[in-house]
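Remember, predicted model here, so these are calculated numbers, not experimental data. Position 1 is the first residue of the sequence; numbering continues from there. Ligands are counted one by one from 1 in listed order, and the atoms in each one are counted from 1 as well.
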Amino acid sequence: MKILITGITGFAGSHLAEYALTKPGVEVFGTVRVRSKLDNIEHLLDKINLVECNLLDPFAVRKIIETIKPDRIFHLAAQSFVPTSWNAPEETLENNILSELNIFEAVRLNNIPTRIQIACSSEEYGMVYPEETPINEENPLRPLSPYGVSKVAQDLLGYQYHASYQLHIVRTRAFNHTGPRRGEMFVTSNFCKQVAEIEKGLREPVIKVGNLEAQRDFTDVRDTVRGYWLALESGIPGEVYNIASGIAIKIKKLLDIILSLSNRKISVEVDETRLRPSDVPILLGDYSKFNKQTDWKPEIPFEKTIRDLLNYWREKVSSRH
Ligand code: GDD
C-alpha cells in the first residue's frame, strides 16, 4: 500500500510516518518544499520517499499523484499556527484552501480510487458556549481566526468533493495535540522550551505567557495520528469525526503542571504580544462518533505527553549549547 503524507516534515506528519512504518507492506511517500527542514524526519530518511512539490502548483500536484498513484493520502500540510493567520491571513487562506483543492482535483482528474484524509481542526468550532460542551460534530462552526476560517473551508470542500464526485474523503477535526517535536510556537512546546532554557541558565527564571484563561482539549500526537490512520481504514467517506481526549484543561493548569516538573523557582509574566485579537475560550471535544466507528480512544496520559515533551526540549537545548 502506498501512502502519501503532505506535511511529512511537520510535527504530526513525522509522527504519522513513524506510525505508518510499523504497518507491514506500507510504502511511505511525503511531499517536501524546496527549503523544507528535515529535522523531524532525519531518523526516517532511509525508510521513506520524499518528493519535492509545491502544493500550490496544480500541475506539480497532478504530476506526483499521477506518478505515485497513492492508495491513501493524508493531507496534513498547512499553515497551522493561529497567530500567524492574523499577520498573514491571505497566505493562510491561500495555502490551506488551494493546496487541498489541488489535491482533490488531481485525484479526480487522474481518476484513481485514492482515500483522502483531511486534517480539519477544532478551531473551526471557535466561539463555543459552555452549555455546548462537550462539542460534537453537529455544533455550529463559529471560527474566531482566519486560520479557523481556512479550516472550515477545507472541511466543507472535503464534503463537497465527496458529495459531487464521490471521492473517498474522510474529515477529521483534531483537537489540540502535542508531544515531542511540537513546533516551538505552540503553547505546550513554548512553555517547555522556556523551562529547559531556564534550567540551562540560558534565560532569566521568568516564563513569558499569553492568555492563561483559555481551555483546550489535548491529545498526545501519537494517539492523534493513530486516529488519522483509522479514519481511512474504517471511517465512512463523506463523514467528519472529532479526535479529542474529552478533557479540557485551562492553560494556567498546563503551566502549573510544566512548572511542577522543574526544580527551578520560576516566576510568570504576561507578554502582551502573545495575546490574540480573539481567542477561542473553550475547546472540549466529544469523540464518541469516532469511537463508535473505529474503536479509537486516547491511550497516552497527558502527564506522560508533557513529561516527554519537556525531556525532548531538555535534550534539544543541551545539544545546542
Ligand atoms: N502559542 C501560545 N503561546 N499560546 C499561548 C501562550 C503562549 O505563550 N500563552 C497562552 N496561550 C494560549 C493561546 O492563547 C490558546 O488559547 C492556547 O494557549 C493554545 O495555543 P496554541 O498552542 O498556539 O494552539 P491553538 O489552540 O491556537 O491551535 C492549535 O490547536 C488547533 C486545534 O484546536 C494548533 O495546533 C492548530 O493548528 C490546531 O488546529
Numbered atoms and elements of ligand 1 in range of [X], under 4.0 angstrom, heavy atoms:
{"X": "Met185", "value": "1 (N), 2 (C), 3 (N)"}
{"X": "Leu283", "value": "33 (O)"}
{"X": "Val82", "value": "27 (O), 28 (O)"}
{"X": "Ser122", "value": "32 (C), 33 (O)"}
{"X": "Ala214", "value": "16 (O)"}

Just wondering, do [Y] and [X] contact through their side chains at under 4.5 Å, heavy atoms?
{"X": "Trp313", "Y": "Gln194", "answer": "no"}
{"X": "Val268", "Y": "Val209", "answer": "yes"}
{"X": "Gln117", "Y": "Arg72", "answer": "no"}
{"X": "Leu254", "Y": "Ile306", "answer": "yes"}

Any idea which protein heavy atom is nearest [atom], and the distance to it?
{"atom": "atom 37 (O) of ligand 1", "value": "Ser80 O, 2.6 Å"}
{"atom": "atom 8 (O) of ligand 1", "value": "Arg274 NH1, 2.7 Å"}
{"atom": "atom 17 (C) of ligand 1", "value": "Ile251 CD1, 3.8 Å"}
{"atom": "atom 9 (N) of ligand 1", "value": "Gly210 N, 2.8 Å"}
{"atom": "atom 22 (O) of ligand 1", "value": "Val187 N, 2.7 Å"}
{"atom": "atom 10 (C) of ligand 1", "value": "Asn211 O, 3.1 Å"}
{"atom": "atom 23 (O) of ligand 1", "value": "Arg276 NH2, 2.7 Å"}

Is it true that Glu27 and Lys2 make a salt bridge, defined as a side-chain N closer than 4.0 Å to a carboxylate O?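 Salt bridge flag = no for Lys2 with Glu27.
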
Nearest non-hydrogen contact with atom 14 (O) of ligand 1 belongs to which option: Ile207, Val209, Asp279, Asn176?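 Among Ile207, Val209, Asp279, Asn176, the closest heavy atom to atom 14 (O) of ligand 1 belongs to Asp279.
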
Among side-chain atoms of Asn96 and Glu100, is any donor-acceptor pair under 3.5 angstrom?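 Not at all, the side chains of Asn96 and Glu100 share no donor-acceptor pair under 3.5 Å.
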
Distance-only donor-acceptor check, side chains Glu199 and Ser262, under 3.5 Å: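 Side chains of Glu199 and Ser262: pair found under 3.5 Å.
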
[X] near ligand 1 by a heavy-atom separation under 4.0 Å:
{"X": "Arg182", "value": "yes"}
{"X": "Ser145", "value": "no"}
{"X": "Leu212", "value": "no"}

Heteroatom distance test ([X], ligand 1): nitrogen or oxygen, under 3.5 angstrom:
{"X": "Asn190", "value": "no"}
{"X": "Ala174", "value": "no"}
{"X": "Ser121", "value": "yes"}

Step-by-step ring pair (Phe, Tyr, Trp, His ring centres under 6.0 Å) determination, Phe81 to Phe186: CA-CA 7 Å; Phe81 189 44; Phe186 298 90; 5.2 Å; yes

Say you draw a straight line from CZ of Phe290 to OG of Ser234; how long is it, rounded to the nearest 0.5 Å?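 Answer for the CZ-OG pair, Phe290 versus Ser234, is 7.0 Å.
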
Do Phe74 and Tyr228 have their ring centres less than 6.0 Å from each other?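 No: the rings miss the under 6.0 Å criterion.
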
Quick check on the 6.0 Å ring-centre criterion: do His15 and Phe11 meet it?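 Centroid separation for His15 and Phe11: below 6.0 Å.
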
So, Asn242 side chain and Tyr287 main chain: donor-acceptor pair closer than 3.5 Å or not?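 No, the answer is negative, given that no donor and acceptor are paired below the 3.5 Å cut-off.
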
May I ask you to identify, for His177, whether its side chain, its backbone, both or neither come under 4.0 Å of ligand 1 on a heavy-atom basis?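 Neither; no heavy atom under 4.0 Å.
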
Ligand 1 versus Lys151: contacting region, heavy-atom distance under 4.0 Å: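 Under 4.0 Å from ligand 1, Lys151 contributes no heavy atoms.
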
Sole candidate of Lys289, Arg171, Arg173 that passes salt bridge (Lys or Arg N to Asp or Glu O under 4.0 Å) when paired with Glu239: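 Of all the options given, the one that passes is Lys289.
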
